[in-house]
Amino acid sequence: MTDCTVRPPAIEPAELVWRDGIPESVRFGDVYFSRDNGLEETRYVFLNHNNLPDRFQEVPPLGAFVIAETGFGTGLNFLAAWQAWREHQPDNGSVLHFISAERYPLTRDDLKRALNLWPELAPLAAELQAHYPPLVRGTHRLVLDEGRVRLTLYFGDLLDAWEALSFSADAWFLDGFAPALNPDMWLDRAIALIREHSRPGTTLATFTAVGRIRRALEGEGFEMRKTPGYGRKRDMIAGVLSSAVSGHSPTASGTVAIIGAGIAGALLARNLASRGVAVTLIDAEDHAGNAASGNLQGALYVKLGVEFNPQTELALSALAFSQRAYEPYRGAFWHPVGLLQLAWNPQEADRQNRFLDRNQYPEEILYPVDAATASELTGTPVSTSGLWFPNNGWLSPGRLCSNLASHPLIECRFGTRVERLMPCNGKWHLSSSSGADIIADRVVIAAGHKTPELIPLKGEYRFKAIRGQVTHLPEETIRTPKAVICGQKYLNPCQDGLAVTGATFDLHSTDARVTREGNTENLQQLSDMLPGLFAESGGKGDFEGRVGFRCTTHDYQPVAGMMADCNGQSLEGVYLLTGLGSKGLTYAPLLAEYVADLITGQPACLPGTLAHSIRPDRICRRRAG
Ligand code: SAM
């Protein structure tokens with residue numbers, strides 16, 4: 001049996017034995033699927049008894065069908081549902097959401113081996129494997145099939161999953177090993193939570209026909225029936241939550257205006273557009289990604305905390321999600337060449353040691369390296385150890401923003417400065433500098449450090465603008481690294497003859513010009529961190545650079561969600577997506593996904609604790625008196 005002393009955020013993987021090519025759990029002593037024909041069993045028990053192909057066809061335009069499952073295992077049920085969705089979905093922009101909890105996830109290798117059993121599912125299995133998250137506990141959102149399928153995979157106990165996630169299921173797949181072998185899955189509390197995540201008309205099916213489970217489901221209001229089981233199983237049960245009428249998951253309706261075409265606004269616009277929602281993307285600049293997101297290069301970087309607390313969990317989820325989200329841009333705007341977090345001074349070395357003692361991360365996220373290995377990986381001599389993030393790298397954020405904004409459902413209004421938001425007959429009226437006003441059902445303010453002036457609520461909002469200047473290093477002046485190096489400054493590999501380094505961190509200056517002092521600070525600190533980096537020039541001379549203003553909050557956590565005042569009273573139709581500080585490239589993909597979930601009324605990709613930690617009302621400060 002696997003040693004269960006894994007430290008967070010790692011999660012204990014499943015331990016399998018393969019008998020006649022079929023995976024069995026060592027812990028539970030049961031098979032993952034029928035020895036007769038697992039795929040046919042899935043179709044019979046879960047798809048047919050939830051009447052899925054027919055119900056898929058009834059999903060309204062821009063709607064969602066939500067399936068929740070207990071025990072993701074090999075993902076066979078998910079792939080079978082995805083395959084059926086492909087065949088039967090209405091061609092109307094609707095989405096299949098599949099939510100599954102798994103306490104002992106399969107390793108990537110075991111997942112591959114198990115799914116190799118189903119050649120007809122091979123293309124879907126390959127896509128699932130390419131997106132399969134690292135084995136860390138918590139919530140993982142996978143966006144598949146160009147957004148037509150969204151999988152929320154919770155690695156942890158199902159009771160925690162159903163407490164943490166907010167969704168309402170249309171259908172349940174109650175899988176799991178036999179109740180006698182896996183009683184935790186069938187506790188009364190688990191069944192009560194299934195009811196809490198259901199609504200009138202929600203159906204469920206399970207392979208088991210155990211009387212206690214049937215009665216518990218009936219006790220929660222499900223009308224249950226016993227029917228013949230698959231293969232050698234005599235019976236199974238299926239049911240529906242009693243109702244006169246059955247409902248549907250809510251649908252996205254109306255128009256959305258997004259103020260700010262930086263990385264957050266551009267990703268959100270593209271996310272909504274790919275869900276079929278029409279968006280107006282507005283920016284005072286004359287093209288997307290021209291303000292803080294306009295640097296030639298930016299590192300995909302997070303500093304993971306020594307404590308595995310909600311802030312660290314958010315940073316880790318955002319990092320893993322962003323790596324998946326940028327994958328389609330690999331080689332174009334995204335360069336996952338690896339990133340070294342250098343232990344550049346004794347304090348950072350001590351912090352890294354405490355971090356490594358306290359936590360356990362899969363190697364696909366990070367691992368420690370000594371100075372020799374760090375030098376080899378980065379192609380630059382470094383004199384200390386560090387943490388190596390093999391799947392991090394750097395982006396061309398400005399170019400990425402322009403690409404994201406180009407979509408038939410995104411109307412760009414650039415060179416337009418929004419001055420005020422006013423409610424008007426259930427919609428929002430945006431008055432702008434150009435005089436051409438914009439009316440939308442919903443508005444997202446993603447305007448970075450300009451956000452506070454647009455919030456249409458009284459009160460003081462605890463945002464800070466931090467001036468950051470980067471310096472452009474010509475290739476011939478340095479020994480260019482082949483990976484990103486971060487410490488007191490960061491340095492990217494060269495692109496088109498330049499490497500971007502930076503950035504300064506100035507809370508008091510509002511000067512938008514590049515200054516000599518800013519460049520001197522960058523170069524001095526960079527050469528302290530990487531002695532021997534500069535070739536002949538020794539880092540002297542006039543360099544070009546760029547200034548941007550990052551937006552951060554009093555607690556350095558981002559802000560995403562529906563706007564609310566100091567009393568927590570929501571402002572219907574207005575959302576914030578900002579406060580990403582210097583980690584915008586990492587946080588923006590996940591938080592854009594989250595805000596798009598809220599706007600479309602679809603299951604949220606963040607668990608309650610994380611959604612709570614970034615809610616907008618926390619930045620409102622009450623005035624004394
Ligand atoms: N649906 C899976 C498939 O398509 O391959 C098969 C599921 S398998 C029969 C049951 C799964 O439930 C196992 O992967 C097991 O690790 C998981 N499991 C058992 N107890 C659990 C718990 N308390 N919380 C979450 N998952 C659990």
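Values reported hereafter were calculated over all heavy atoms of this structure, with side chains retained and with hydrogens, waters and symmetry mates removed.
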Student: Mind checking whether Gln341 and Tyr490 have side chains closer than 4.5 Å, heavy atoms only?
Tutor: no
Student: Please walk me through it: do Gln347 and Asn345 pass side chain to side chain donor-acceptor pair (under 3.5 Å)?
Tutor: CA-CA 6 Å; Gln347 290 76 18; Asn345 70 4; 3.2 Å; yes
Student: How far apart are the C-alpha atoms of Leu296 and Gln495, what are their side-chain angles, what is the distance that settles it, and do they pass the side-chain contact (heavy atoms from CB on, under 4.5 Å) test?
Tutor: CA-CA 9 Å; Leu296 294 174; Gln495 187 199 32; 5.6 Å; no
Student: For Asn359 and Glu307, what are the C-alpha separation, side-chain angles and deciding distance, and is it a side chain to side chain donor-acceptor pair (under 3.5 Å)?
Tutor: CA-CA 8 Å; Asn359 299 281; Glu307 302 296 332; over 6 Å; no
Student: Starting from the C-alpha separation in whole Å, work towards a yes-or-no answer on side-chain contact (heavy atoms from CB on, under 4.5 Å) for Asp542 and Arg516.
Tutor: CA-CA 8 Å; Asp542 277 336; Arg516 184 180 279 260; 3.0 Å; yes
Student: Is Glu475 close to Asp496 at the side-chain level, that is, under 4.5 Å between some pair of heavy atoms?
Tutor: no
Student: What residues, two or more places apart in sequence or in another chain, satisfy ring pair (Phe, Tyr, Trp, His ring centres under 6.0 Å) together with Tyr301?
Tutor: none
Student: Looking at every non-hydrogen atom in both residues, tell me the closest pair between Leu135 and Pro105 and how far apart they are.
Tutor: CD2-CB, 3.9 Å
Student: So, do Glu313 and Leu610 sit near enough that their side-chain heavy atoms are less than 4.5 Å apart?
Tutor: yes
Student: Would you check, one step at a time, whether the test side chain to side chain donor-acceptor pair (under 3.5 Å) holds for Tyr556 with Lys583?
Tutor: CA-CA 10 Å; Tyr556 294 96; Lys583 306 293 186 296; over 6 Å; no
Student: Any idea how Tyr361 and Phe308 line up, ring-wise: parallel (<30°), tilted (30 to 60°), or perpendicular (>60°)?
Tutor: perpendicular
Student: Rounded at 0.5 Å granularity, tell me how far CG in Leu340 sits from OG1 in Thr380.
Tutor: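 Atom-to-atom, Leu340:CG and Thr380:OG1 are 9.5 Å apart.
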Student: Of all the heavy-atom pairs spanning Ile11 and Glu102, show the shortest one and how long it is.
Tutor: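 Taking Ile11 first and Glu102 second, the nearest heavy atoms are CD1-O, 4.4 Å.
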Student: Could you give the distance from OG1 (Thr552) to CD1 (Ile466), rounded to the nearest 0.5 Å?
Tutor: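 Here the interatomic distance stands at 5.0 Å.
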Student: Looking at Tyr104 and Ala14, what are the two nearest heavy atoms and their distance?
Tutor: O-CB, 3.2 Å
Student: Is it true that a side-chain atom of Thr378 and a backbone atom of Pro481 form a donor plus acceptor pair closer than 3.5 Å?
Tutor: no
Student: Quick one: closest heavy-atom pair of Ser433 and Thr416, and the distance?
Tutor: OG-C, 4.0 Å
Student: What is the distance from atom CD1 of Ile455 to atom OH of Tyr461, rounded to the nearest 0.5 Å?
Tutor: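 Here the rounded value is 5.5 Å.
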Student: Check for a donor-acceptor pair, side chain of Arg324 on one end and backbone N or O of Leu142 on the other, with a separation under 3.5 Å.
Tutor: no
Student: For the residue pair Arg550 and Ser582, confirm or rule out a side-chain donor-acceptor distance under 3.5 Å.
Tutor: no
Student: Can you confirm whether or not the ring centre of His140 sits under 6.0 Å from the ring centre of Phe155?
Tutor: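 Distance test on ring centres: under 6.0 Å, yes.
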Student: Has Arg7 got more than 12 heavy atoms of other residues, nucleotides or ligands less than 6.0 Å from its CZ?
Tutor: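 Yes.
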Student: I'd like to know if the side chain of Ser432 and the backbone of Val418 have a donor-acceptor N/O pair within less than 3.5 Å.
Tutor: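 It does not hold such a pair.
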Student: So, Arg615 side chain and His612 main chain: donor-acceptor pair closer than 3.5 Å or not?
Tutor: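 The answer is yes, because a donor-acceptor pair under 3.5 Å joins these two groups.
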Student: When rounded to the nearest 0.5 angstrom, what distance separates CG in Asn392 from OG in Ser322?
Tutor: 7.5 Å
Student: Nearest 0.5 Å please: distance from the OG1 atom of Thr501 over to the CG atom of Leu523.
Tutor: 7.0 Å
Student: Go through the steps to decide whether Val559 and Ile614 satisfy the test side-chain contact (heavy atoms from CB on, under 4.5 Å), and finish with yes or no.
Tutor: CA-CA 5 Å; Val559 185; Ile614 56 170; 5.9 Å; no
Student: Is a side-chain N or O of Asp511 found less than 3.5 angstrom from the main chain of Arg513, in a donor-acceptor match?
Tutor: yes
Student: Would you say the side chain of Asn271 lies within less than 4.5 Å of the side chain of Leu267, judging by non-hydrogen atoms?
Tutor: no
Student: Do the side chain of Thr504 and the main chain of Asp506 share a donor and acceptor less than 3.5 angstrom apart?
Tutor: no
Student: Would you call Arg275 and Glu593 a salt bridge, taking side-chain N to carboxylate O under 4.0 Å as the test?
Tutor: yes
Student: When you measure from the side chain of Thr373 to the backbone of Val369, do you find a donor-acceptor pair of N or O atoms at a distance under 3.5 Å?
Tutor: no
Student: Please determine whether a side-chain nitrogen of the Lys or Arg among Glu327 and Arg330 lies less than 4.0 Å from a carboxylate oxygen of the Asp or Glu.
Tutor: yes
Student: Is it true that atom CD of Gln129 has more than 12 heavy atoms of other residues, nucleotides or ligands lying nearer than 6.0 Å?
Tutor: yes
Student: Without swapping roles, check the side chain of Asn290 against the backbone of Gly398 for a donor-acceptor pair under 3.5 Å.
Tutor: no
Student: Please give me the minimum heavy-atom distance between Leu580 and Pro558, naming the atom from each residue.
Tutor: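 So the two residues come closest at CD2-CB, 3.5 Å.
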Student: Does this structure show an ion pair linking Asp350 with Arg354, if we count only N-O contacts that are shorter than 4.0 Å?
Tutor: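 Judged by the 4.0 Å cut-off on N to carboxylate O distance, Asp350 and Arg354 do form a salt bridge.
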Student: Are Gln469 and Asn519 linked by a side-chain donor-acceptor pair shorter than 3.5 Å?
Tutor: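 Gln469 vs Asn519: donor-acceptor pair found between side chains.
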Student: Can I get a per-line list of side-chain donor-acceptor pairs under 3.5 Å for residues 402-414, giving both atom names and the distance, sequence neighbours left out?
Tutor:
residue	atom	partner	partner atom	Å
His407	ND1	Leu409	N	3.0
Glu411	OE2	Arg413	NE	2.9

Student: Tell me whether the rings of Trp334 and Tyr326 are parallel (<30°), tilted (30 to 60°) or perpendicular (>60°).
Tutor: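 The arrangement is tilted - the two ring planes meet at 30° to 60°.
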Student: Is the shortest heavy-atom distance from the side chain of Arg108 to the side chain of Arg113 under 4.5 Å?
Tutor: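 No. Closest side-chain heavy atoms not under 4.5 Å.
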Student: Do Arg137 and Glu12 sit within salt-bridge range, that is, some charged N less than 4.0 Å from a carboxylate O?
Tutor: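 The answer is no: the pair does not qualify as a salt bridge.
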Student: Apply side chain to side chain donor-acceptor pair (under 3.5 Å) to the pair Asp555 and Thr553, showing each step before the final yes or no.
Tutor: CA-CA 5 Å; Asp555 58 8; Thr553 59; 2.9 Å; yes
Student: Is any side-chain heavy atom of Thr139 closer than 4.5 Å to one of Leu153?
Tutor: no
Student: Do the side chains of Phe463 and Leu576 get nearer than 4.5 Å, heavy atoms only?
Tutor: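 Heavy-atom side-chain distance check passes, below 4.5 Å.
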Student: Distance-only, no hydrogens or angles: does the Ser293 side chain make a donor-acceptor pair with backbone N or O of Ile263 under 3.5 Å?
Tutor: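 Indeed, once roles are kept as given, a pair shorter than 3.5 Å links the two residues.
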Student: List the steps and the verdict of side-chain contact (heavy atoms from CB on, under 4.5 Å) for Leu342 and Leu530.
Tutor: CA-CA 10 Å; Leu342 196 64; Leu530 298 172; 4.1 Å; yes
Student: So how far is it from Leu491 CG to Leu473 CG, rounded to the nearest 0.5 Å?
Tutor: 6.5 Å
Student: Hey, which of Thr520, Asp528, Asn522 is the one that makes side chain to side chain donor-acceptor pair (under 3.5 Å) with Gln524?
Tutor: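 Output: one option passes, namely Asp528.
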Student: Write down the atom of Cys494, the atom of Ile478, and the distance for their closest heavy-atom approach.
Tutor: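 Minimum heavy-atom separation between Cys494 and Ile478: SG-CD1, 4.4 Å.
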Student: For Gln488, does the CD atom have more than 12 heavy-atom neighbours from other residues, nucleotides or ligands under 6.0 Å away?
Tutor: yes
Student: Judged by atom type as modelled, is there a donor-acceptor pair below 3.5 Å linking the side chain of Tyr132 to the main-chain atoms of Leu106?
Tutor: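 Side chain of Tyr132 to backbone of Leu106, a donor-acceptor pair under 3.5 Å: yes, one is there.
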Student: Give a yes or no on whether Lys112 atom NZ has more than 12 heavy-atom contacts from other residues, nucleotides or ligands under 6.0 Å away.
Tutor: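 For Lys112, atom NZ is not crowded (no more than 12 foreign heavy atoms under 6.0 Å).
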Student: Determine whether Thr510 and Arg467 make a side-chain contact, defined as any pair of heavy atoms from C-beta on separated by less than 4.5 Å.
Tutor: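 With C-beta onward as the side chain, the pair stays apart.
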